[in-house]
Colleague: 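Quick one: structure below, then a few questions.
The figures here come from the full heavy-atom set of this structure, side chains too, leaving out hydrogens, waters and symmetry mates. Model, not experiment: these values are computed from the prediction.
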Amino acid sequence: MTSIINPPSAIRHFSTSRLRYALPGSLAGLIAGWLYAGLLASQQMSPMMSVTDLPGDGVLHLLLSAMVGLVFGITLGHQITTPGSGLVWGIVMGAAWWLVGPLTLFPLGQGERPDWSIALAQSAFPQLAGLAIMYGALMGLIFWCLVGMTEKPFSLKWIRQTSIYSVQAAISGGLAGLLGGWSFGQWMEQVGFFPLVAGLVNSTDVATGRGLHFGISLLIGITYGILFQRETRTPATSIAWGMVYGLIWWVLGPLTLMPWLLGQGVQWGLGSAQAVFPSLIGHLLYGVILGILQALLSQVWRILFVDSDPLRRDPEGPGTRGLRGVLLGSSASLVGGLAFTSIMIATNALPQVAGLMGMSSVVEGFVIHMGISTLIGAAYGLFFRRESQSPFAALAWGIVYGMVWWILGPLTLMPSLLGLPLQWSLAAVSASFPSLIGHLLYGVFLALTYNRLQQRYRAYQLTLVPTAYHDANVSPALWTLVVLCLVVILLLQA
Amino acid sequence: MTRRWIQSGALAGGGAALLSLGLFIIVSGSDTNRLVPGLLMYLGLAVASGAGYGWLLWAHTDRYPFAVMGVLYGLLSWVFFGLVLVPVFAGLGPRWNAVDAAGQFPLLMVYLLQGALLALALRVLEATGLLRLMATTRDTAEHPTVTRRVVILGGGFAGVTTAQELEKLLGETGDVEITLVSRTNHLLFTPMLAEVTAGGVEAQHISPPLRAFFRRVQVMRGEPAEIRIAENRVLVQSGSQNITDLTYDYLVLALGAVPNFFGNTALEQYAFTFKSLADAIHIRNHVIDCLERADSEPDPMNRRTMLTFVVVGAGFAGTELIGGLNDFVRGSLWYYKHLHNDDVTFLLVHPGEHILPELSTELARYAEKKMTDRGVTIRGNARVTDASLGRVSIGDEAISSETLIWTAGNLPNPLLKQIGCEMDNRGAVITDERLLVRGQHNIWAVGDCASIPDVVTGKKAPPTAQYALREAKTLAYNLCAVLNGREPMVFSHRSQGALAVVGHQTACAEVFGFKFSGLFAWLLWRGIYLSKLPTLEKKIRVLLDWVIDVFFPRDITYAPLIEERTEAAPAAGD
Ligand SMILES: Cc1cc2nc3c(=O)[nH]c(=O)nc-3n(C[C@H](O)[C@H](O)[C@H](O)COP(=O)(O)OP(=O)(O)OC[C@H]3O[C@@H](n4cnc5c(N)ncnc54)[C@H](O)[C@@H]3O)c2cc1C
């Protein structure tokens, strides 16, 4: 059980395996920093951006970029094996740098005392968007390219093989994108967003806007499929990927490309972000749907044309595990549901839940709430049973799951069922903030209990299921990005 | 170990909290006086959350980058402590809203930092070996590493059921190790063995793999080479070289019985035994071979010799076997154009008055009549005394036959002799009514290899599967009781009856005192034994076999044997 590492050998191992990523890391940081600076310069912003700027110029910026890249290469470089992993780890690095740089070092450098207050964070919002999504993502992708080029010689066979897979991934991604776009479109229709989109081609026509919207959805879906073809193995994990991709496109779309194309320049300020807040929820939801569908479609493809995944064959007979997952999931949901109930009682939300069934009392609300929570718990057991290998993974997937249901439930499905408009506006989301806390608690308690219950089958399963399949080393990045989503939401709310 | 993780988690949590708070104060230049009131609470919570981290998560971290995990944990702590617990305890009431949460933003930053530092601190503690130094002697005393070992010898009904029940009874208890040693890697469902010979059921379908039964029991294929009870150990030989040394705290003997020829070497040399899957397949192939040769044999005498089949012993095994074989051979004759029904003789030789001594005389007589009608000759009060190639002697009479099948005698496994515990005259280990071997304190015995007092009849428990199963259940209970310091119980079972198939779609039954026979008894036999056949998969396979058997003619393909190899083409130039 003890995994005491012998320090000298650990250090030796560390130095040989990780130091070789130092150069590609710094190089990727430098190139990304240069591109990023170029983008900012075109917007008449100084490289560090005006808000809490460091005194200095482009050279310092490039130096810092290279340094961040160096740290990135050494600490996270070995995790990056696919464009997808490059992208998300890059963003994680960008976000971390945001905490260290704009929130701490830059103010210090200017002789100020950063108090880590929400005001400071809000004023540094442009840097969050810029550093995490632009600089970080670029750095991650470039790093992947650099390492890939040196480690994997491109042969004709490799290219042919890759393009076949990419075409498949693009097709399923595109289909998934269209479907996700359709659901996002519901909201856009509701709030009359299409004319705005149509503005991209100098029109105000709804149909043009809708056409454009679907075009963009298709494009996002296709790129999603291509970028994450290796990661989206199960619909469950793909949810997180989709959500992250949604977040990226929220920054890239309504905050960056759209205003830019409309001639307004990039709009990373807090105010403009708050103005398009509902579309953040829309993007996240779009991402969830995109993720699930893309994974399902490529699973079908894989089963039909690649391999029928013999390792996943249920040794205890087909369906046994799924069924057990459902049972354990619904049992675990009791704990999660009760944790959530405490918050519902505190905020007096139970009568509103009862309203779903046309009732109004607290007891009825409680019964309905527990019923829903059982269903959701069963779904967790069914879809996340393979991800719940350790309490830690359980915890993280619990957060993800809770958050997804917060977006799906009180913000989307519940108002739809009650015949109300979608609750995506800043004010509405702010009002359902307690529910977010409740959902997070629910998810965490559900997942941890599930993990506990599953223990007795675990030893048995570990021998049968190859646990360390590919996405294992990327999931931490995903979890962090979900945290990032939460922080962004919080920043915009206050 | 867990304790150590909790301790170091708490320590690291406290340290990380101090460090991150200090950093915050230095960086932000906050008014320290303002922070003091909440300081103790903050530290207390940090220690608690650190302990929780060490307890729940740290053991599972090696697969993930630890800093990321720490940050995530920080976020959760913030939600849990900062947003939920603290406001409630501070009497602020539930004021969860975005504005309040935003007010806690600095705390979020501190918590994120704290989480990362906590994970880092634990990693450093572990990597430098400090974690190990922190282990106290109490730590090891709390978790006794001594596991108790139960070794079960024999993977038949008795052994497997004992292991299975024991596993069920022990549940999650972690400190008991169960090992099942068996020569074969499957459980043989003997009641259907006759059907394998007769070709109604495939051999694999009545032998579910042992490993399919268990979660925690370790299955070891091999034979005990030496059992040293003085040292509480068994040397198990698996493969030709490999000897494994198993020490045990409790030993279960369930080695079953072996055929007994009463020292008659001629019989031993020429007779087939009928006890294992290989036996069943050998007999089947031999019978098919006889049919094939007889079909091209011009001499009618020789032909008859080939088609005379002698079965010795009219217990369940012998009776069911000859019934099944008789149907098989006569049912296959239409494939062989030169053979006639009259050429075929089936002879059942037994020493008693009636066949099936386990059943009442009345039913036995019915069975005899049915079998005679179908062409089986029954020879009671007779013994096979000698055999040579193509000849079988029954008393003074010599019969020409190439097939002699021996089911007349079984002896407890001779391996038991080397143990040196008390045995009855047949060589079965004598146990008390609690199944503990007489004169031993940690050796138990069940099944055909044991001589167990039957408190219901006052005799010895009969060597049947029915009894073996019940004995095994009692034994599992007793083992569990002894492991937990409770009293073992007395074995007691009242026979529920007996069922025997005497031929195609006919059986005799004596259940709870009711006697009946015919198609219903046969259906009952099939229903009961199908339900007893372990694993759903095998049940379905056997059911399918039965259905196929109804609609298709007899299958006269040789069953594949391990020794058989496809002959390669002769080398070029030969
Ligand atoms: C053909 C036939 C039909 C039968 N029909 C019926 C019936 O219809 N109803 C009924 O109640 N009973 C029936 N029986 C009797 C029943 O099978 C036995 O009573 C029962 O199997 C006894 O169980 P056991 O576990 O004691 O022995 P077994 O089932 O014989 O198991 C002994 C186990 O020990 C293993 N073993 C033996 N020697 C060694 C060694 N040296 N090293 C390692 N492992 C070893 C064997 O591989 C086997 O797994 C029948 C028996 C036969 C042969």
Colleague: Can you tell me which residue among B/Leu39, B/Leu23, B/Leu43 is in a side chain to side chain contact (heavy atoms under 4.5 Å, CB included) with B/Leu18?
Modeller: B/Leu43
Colleague: Which region of B/Leu536, side chain (C-beta onward) or backbone (N, CA, C, O), has a non-hydrogen atom less than 4.5 Å from a non-hydrogen atom of chain A, or is it both or neither?
Modeller: neither
Colleague: For the pair B/Tyr42 and B/Gln114, evaluate side-chain hydrogen bond (donor to acceptor under 3.5 Å, both in side chains) and give the outcome as yes or no after the intermediate values.
Modeller: CA-CA 11 Å; B/Tyr42 167 71; B/Gln114 183 191 324; 2.9 Å; yes
Colleague: Is B/Glu167 salt-bridged to B/Arg216, going by a charged N under 4.0 Å from an acidic O?
Modeller: no
Colleague: If you look only at pairs with a residue in residues 66-91 of chain B, which of them pass as a side-chain hydrogen bond (donor to acceptor under 3.5 Å, both in side chains), with sequence neighbours excluded?
Modeller: none
Colleague: Please look at B/Ile26 and chain A and tell me whether the side chain, the backbone, both or neither of the residue comes under 4.5 angstrom of a heavy atom of that chain.
Modeller: backbone
Colleague: Please determine, among A/Leu440, A/Leu108, A/Ile399, A/Thr104, the option with the most heavy-atom pairs under 4.5 Å with chain B.
Modeller: A/Ile399
Colleague: Under 4.5 Å from any heavy atom of chain B, what part of A/Val429 do you find: side chain, backbone, both or neither?
Modeller: neither
Colleague: Please state whether the side chain, the backbone, both or neither of A/Leu436 comes within less than 4.5 Å of a heavy atom of chain B.
Modeller: neither
Colleague: Considering only distance and modelled atom types, tabulate donor-acceptor pairs under 3.5 Å from the side chains of residues 81-88 of chain B, sequence neighbours left out.
Modeller:
none

